[in-house]
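Working notes for the structure below.
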Amino acid sequence: MSSSPPIVSSVQPGGAQDTTSDTEGDQISEARFSAIPPPMSPSSEDSGRTRLKESESPPQQSSSEPPSEGKSGPSSPTVIVFADNEEGEEEESVEEIEEHLATYWLAPRQTPRNTPPSFLLSVDYSGQHNRAIVRLFNPETRETVFWLDNTGHQPYCYTDYPPQVAEMKAKAHPGFVRTETVRLHDLLRDQEVTMTKVIGDNPLAIGGSHRAIRDLLTELVRTGDPAHPTTEVSHAWEANIRYRNCYTYDRKLVPGMMYRVENGQLIPCPPELDEATLHKFIEALDEEEGLKDIVETYAPMFFTEVPDIPRIALDIEVYSPQLNRVPDAATAPFQVTAIGLSDSEGYNVCLVLKREDIPLGERGEDYPKDLEVVFYDDERQMLLDAFRKIDEYPIVVTFVGDAFDLNYLYHRAKKLGIDVKTQCPIYLGRDIALLQRGVHVDLYKFLKNPSVRLYALSGAYEQSNLESIAQGLLGFGKLQRTTDISHLPLYELAHYCWLDANITLQITTYKNNLLLRLIVLLMRISRLSMEDVTRQGISSWIQSLFRQEHRSRRALIPRQVDIATVKGAEAHTEAIIKDKRFKGAIVIDPVPGVHFNTCVLDFASLYPTIMKRHNISYETVDCPHEECRNATDNRVPETDHWICKKRRGMISQTIGFFRDTRVRWFKRLSKDKSLDERIRDWYGVVEKALKVFVNASYGVTGAQHFELFCMPAAESVTAYGRHAIVRTKEKAESMGVRVLYGDTDSVFLDNPTEEQQRELIRWSREELGIDLEVEKTYKYVALSGRKKNYIGVYPSGYVEVKGLSGKKRNTPDFVQEAFREMLGVLSKVDSPQGFEAAKEEIREIVNSVLDRLEGKGELYSPEELAFRVQMTKPIDKYGSTMPQHVRAAKMLVEAGYDVQPGTVVEYIKTKDEAGVLPIQLARERAYWIDVDKYVDTLRSVFGQVLDAVGIDFEELLGFTTLDQFF
DNA sequence: TCGATA
DNA sequence: AACGGCTTATCGA
C-alpha cells in the first residue's frame with residue numbers, strides 16, 4: 001500500500017522507444033498545441049511538432065474550423081498537429097520528446113507513414129482536419145495509431161435536379177463545392193438514371209446544420225389542403241448517411257479486417273485463403289449468377305479469425321449520501337471512491353480513495369489473490385493514474401460506461417481541475433462516452449440488444465443487469481455486500497468494485513473470446529466501426545450492409561418515400577401506414593388433450609428461405625416490368641402481388657447467401673468432431689453472427705422505420721409462409737397422419753411412422769423447396785386447447801413449457817415454484833394411466849401451498865408473494881385507468897421512492913381498501929394478504945396444465961393436508 | 001359485459 | 001427504433 005501514484009505506464013511516450021523504423025511519421029498531439037490548419041507549409045525545419053511552452057495559454061477553438069460531425073458521432077475533439085512530410089522525416093530525438101512530455105499525461109497520437117498489418121477498429125470523421133480518420137491497432141507494437149485520409153474524398157449527396165439547378169440551389173450554402181454528373185441504377189424502376197452529385201466541403205454542409213445543402217435541394221408543392229397549403233418535397237438522395245459510413249462504403253473498407261499503411265497509403269491486407277477450402281465452400285452453395293462477387297466479398301470476412309485484442313475493463317464506485325441512489329453523472333457531485341481495473345493479460349488493480357470515517361477492513365476468505373489495491377489520499381491523482389492506464393489500450397470495456405462510469409469520470413475530472421483535453425482520455429458525445437485513442441465498448445448496450453441476447457446468445461440471460469448476465473453467461477454473480485457501497489470497508493469496496501470490472505472483462509473473454517469475436521464479425525458484415533456496432537441495433541446493421549451493397553453495385557439507395565410511391569401507396573399518409581397492419585402467420589387450432597409420441601417437424605429458417613427461393617426484395621415484389629405483372633407463374637398466394645422474373649433481388653440474394661452459408665457450412669461444420677477444435681469454435685461464432693442477420697431480415701423489411709421498408713415484400717413473405725404450412729397439413733392428412741397443432745413454421749404430428757416422416761420431408765423439399773426437419777419428438781404433449789400454450793415432455797423427462805403463465809415474470813415466485821414441482825411430477829408420467837398417480841402428488845403440492853397461504857404453515861415472504869409489473873410510462877401519464885401496479889407505484893412515490901418508466905413494480909395483494917402493497921413497504925407495515933386472490937392465481941396457472949391432462953383443479957382443493965388431522 | 005391496457 | 005399472433009388479468013364505463 002502506498003499513497004503515491006504507483007502506476008507506471010508501460011507505454012513510453014511518443015512511440016519513440018520503437019526500435020523499428022516503421023512508425024516514423026506524424027504525431028497527433030493534444031489539444032493544448034495550437035492548431036495549424038492543413039495543408040502546411042513545406043518547411044523541413046519546422047516540422048509542426050513545436051509545442052507551446054507551459055506558460056502559454058491553451059488554444060481557442062478556431063471559429064473557421066469545420067464543425068465536427070453531428071453531436072453524437074465519434075469524431076475527435078482533439079487538435080491534431082502533424083508534419084508536412086510527403087517524404088518521411090527525421091524522428092525527433094527520444095530525449096526531446098520525453099522532455100516535452102514530462103508535463104503531459106497522455107501520449108501523443110501517432111499517424112505513422114508505415115505500419116505492419118493492423119486491425120481496423122474504426123472509421124471516423126475528424127472535425128479538426130475535415131477528413132476521414134481511420135483508427136488501427138498494431139498488434140506488433142501494441143499501439144493504437146491513426147491514418148488520415150489523403151485521397152481527397154469529400155462529403156456529397158445526390159439530386160435529380162440538373163447540375164445548373166442543383167448548383168443554383170446549393171450554392172446558397174457556403175460549404176457548397178461543385179457538382180458532378182453521374183449515372184446510377186435505379187433498382188425500383190429498373191433503369192439507368194442520371195443524377196447530379198452535389199459535393200460539400202464538410203459533412204455538416206450536406207446535412208445536419210441549419211439550412212444545409214440537403215434542405216436547399218427542395219421544392220415547394222401545393223397540397224390543396226387549406227390548413228397546410230404547401231409542402232416541401234425533397235430532391236436529395238443519400239443525404240442522411242453519416243460521413244464516416246459514406247467514406248467506408250466508397251473506399252470499400254471493412255472494419256474488423258487487417259490493413260497496413262505503406263508510404264502513407266492505407267492498403268488492405270487480405271488473408272491468404274486456403275484454396276481447397278474455398279473451393280469446397282463454393283461447391284456447398286447453389287450455383288447462381290453473381291455468386292462469385294458475393295463470395296469474394298464475404299469469404300475473407302468469414303474465414304479470417306479475430307486476433308486477441310488487448311482490452312481493459314473499468315468500473316467505478318461513487319460516494320452517495322442517499323441509500324440506493326446513484327449520483328447524477330452530469331454534475332458528478334460526490335467523490336469517486338474506487339476504480340476497478342482488470343485487463344485481458346492479468347492486470348488486476350483497484351484504486352481506492354482513503355476516507356477518514358471508513359475503516360480499512362479485512363481481506364475476506366474469498367478475497368482474490370492477484371488483486372492489488374492501491375490507496376490514495378488525493379482523488380485527483382487517482383483519476384489521473386486511471387486515465388493514463390486506460391489510455392494504453394485499444395479497447396476499454398465497461399458496463400453502462402456511456403451513461404455512468406466514463407461520463408462521471410469526465411465530469412468529476414473537470415470538477416477537480418484536470419485539463420480534460422490533455423489529461424483525460426475520455427470525451428463525451430450525446431448519450432455516449434468515447435476515447436481519444438482507444439475504443440470504448442459499453443457492454444450493457446450491446447448485451448441489451450435483443451438480437452444479441454436472443455439469437456447470438458440463445459437467451460442465456462433474461463434481464464440486462466450485470467448480475468443476471470454474469471449468472472447466465474459465466475455461471476457466477478457479483479460480490480454480496482455486507483452493507484451499502486458508501487459505508488463498505490475499503491478492502492471490501494476494492495473487492496466489490498474490481499470484481500465488477502473483472503466480470504465485465506470475463507464476459508468478453510469467455511468461450512475463447514466469443515463476444516469479442518462476435519462483435520468483430522458483426523463489424524465486418526455491417527461495415528460499422530466497433531463503437532457503432534456495439535451501440536446500434538439490428539436494423540442499423542442491416543441498413544448499413546445494404547447501403548454498402550447498393551454502393552458496390554452503383555445503385556441509388558432509395559428513400560422510404562420512393563418505395564412507397566412506386567409500390568402504389570402514395571396516397572397513404574404516415575398515420576395511415578402506421579396503423580395498417582399486414583396479415584401474419586397461421587397458428588393451427590390445437591387438438592386438446594394428451595398425445596403420446598408426438599413428432600414436431602419444422603421448416604428450417606422459413607422466412608429467409610422463402611425470401612431466397614421466391615426472390616423477395618423491395619425491388620422485385622410488384623416490379624415495374626409489364627411481362628412480370630402479366631405473368632401467371634409468379635403470383636404470391638392469397639394476394640395481388642407478383643414477383644420479378646427478370647432480376648435477382650438484392651435482399652433475396654444477400655440473405656439467401658448468408659442463409660446457405662450458415663446452414664450448409666458454418667453451422668454444420670461447427671458440430672463436425674473431425675475438425676480442429678479451434679476451427680469448430682470459430683465456425684460457431686460465424687454461424688451465430690450470420691444467424692442474427694438472417695433471422696432479422698424479414699422483420700426489418702416489415703418495420704416502418706427501416707430505410708428499405710416494403711409492406712408488399714413483408715406481406716408476400718408471410719403469405720408464402722401460410723401457404724407452406726397449410727399445404728403441409730393437407731399433405732400429412734392425405735397420408736393418414738393427424739396434425740395436432742402447428743405455429744408459423746411447425747407441425748405437430750400424431751405418432752407418425754419413420755416412413756411417413758421421411759415422405760413428408762421429401763415432399764416438402766420437392767414441392768415447396770423448403771427443408772423440413774424433425775425438430776423433436778415428445779414422449780407426450782399436453783395441448784390445452786388454447787393456442788401457444790402447451791407442455792411437451794421429452795423421453796428424457798425434460799419438460800418444455802410454452803406460453804403458460806406459470807413461467808411468466810409477473811407470476812409470484814411461490815406460484816412459479818409450485819408450478820415447477822408440478823412439472824416434475826408430470827415429467828415422470830409414461831402412460832395414460834400414469835396420470836392417476838400424478839394427480840395425488842399434485843394434490844399434495846397444492847395443499848401445502850394453500851396451508852402456507854392460510855397461515856397453517858411457514859408464511860410466505862413479500863418477495864415470494866410479489867406480482868411484478870412494469871411501468872411503461874410516467875405515473876402522471878396514466879389517466880382514467882388505475883391498474884394495480886400503478887396504484888402500488890403511487891404508494892411508493894408517497895413514501896419517497898423514485899419510480900421511473902421501465903421500473904418493475906413489485907407488489908402483493910392485500911385485504912384493505914388499497915388492495916395492493918409494494919413489497920418495499922410490506923417490510924415495515926402489517927398487512928393481510930388477500931388469500932382468495934392468490935388462490936385465483938394458483939387456479940389459473942395450474943388450470944392451464946391440469947385441463948390438458950384431464951385433472952380438475954377444484955377437485956384438488958377439497959381439503960388441505962392439515963384438515964385431514966382434524 | 002366490453003374495450004382498453006399491460 | 002425488427003415483425004405479427006395469441007393468452008390472461010384488470011379496470012372503468
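Here is how names work: the chains are called A, B, and so on, in the same order as the sequence lines, proteins then strands, and each is numbered from 1.
For A:K909, counting side-chain heavy atoms from C-beta on, the closest listed nucleotide (C:dC3, C:dA9, C:dT8) is C:dA9. Counting only heavy atoms from C-beta on, A:M882 has its side chain closest to C:dC11 among C:dA9, C:dC11, C:dA2. Side chain of A:R786, nearest nucleotide from C:dG4, C:dA2, C:dT7: C:dT7. Taking only side-chain atoms of A:K787, from C-beta outward, the nucleotide of C:dC6, C:dA2, C:dA9 with the closest atom is C:dC6. The nucleotide whose nearest atom lies closest to any side-chain atom of A:H705 is, among C:dT7, C:dA2, C:dT10, C:dA2. Comparing atom distances between the A:V587 side chain and each of C:dT8, C:dC6, C:dA1 picks out C:dC6 as nearest.
One atom, CZ of A:R868, and another, P of C:dA9, lie 18 Å apart when rounded to the nearest Å. Atom CG in A:D936 sits about 7 Å away from atom P in C:dT10, given to the nearest Å. Atom CG of A:D589 is separated from atom C1' of C:dG5 by 13 Å (rounded to the nearest Å). With rounding to whole Å, A:R722 atom CZ is found 13 Å from C:dG4 atom P. Between the P atom of C:dA1 and the CD atom of A:Q560 lies a distance of 14 Å, rounded to the nearest Å. If you take NE2 of A:H885 and P of B:dT5, they are 13 Å apart, rounded to a whole angstrom. Rounding to whole angstrom units, CE of residue A:M611 and C1' of C:dC3 are separated by 12 Å. Between the CG atom of A:N810 and the P atom of C:dT10 there is a distance of 10 Å, rounded to whole Å.
In this model, a side-chain donor or acceptor of A:Y455 finds a partner on the base of C:dA2 within 3.5 Å.
With ring centers used as reference points, A:F399 lies 6.0 Å or more from A:F404. Aromatic pair A:F867/A:Y934: ring centres closer than 6.0 Å. Between A:Y607 and A:Y720, the ring center distance fails the sub-6.0 Å criterion.
A:G699 comes within 4.0 angstrom of a base, heavy atoms only. In this structure, A:A696 reaches neither bases nor backbone, as no heavy-atom distance under 4.0 Å exists between it and the strands shown. At a threshold of 4.0 angstrom between heavy atoms, the contacts of A:E707 with the nucleic acid are absent. Within 4.0 Å (heavy atoms only), A:F867 reaches no atom of the nucleic acid at all. At the heavy-atom level, A:S540 lies under 4.0 Å from the strands shown only through sugar-phosphate atoms.
Rounded to the nearest 0.5 angstrom, A:Y249 OH and A:Q548 CD are separated by 7.0 Å.
OP1 or OP2 of C:dA9 has at least one side-chain nitrogen or oxygen of A:S940 nearer than 4.0 Å. Listed pair A:Q884 / C:dC11 meets the phosphate criterion, a side-chain N or O lying under 4.0 Å from OP1 or OP2. Taking only side-chain nitrogens and oxygens, A:T701 never comes nearer than 4.0 Å to OP1 or OP2 of C:dA2.
Classification of the A:F748-A:Y741 ring pair by plane angle, with boundaries at 30° and 60°, yields perpendicular.
With DNA chain C read from its 5' end, the first of the two nearest nucleotides for A:G584 and A:A703 is the one closest to A:A703. Positionally, the nearest nucleotide of DNA chain C for A:Q944 lies more toward the 5' end than for the other of A:Q944 and A:P883.
No option in A:L917, A:L921, A:V869 other than A:V869 meets the side chain to side chain contact (heavy atoms under 4.5 Å, CB included) test with A:Y907.
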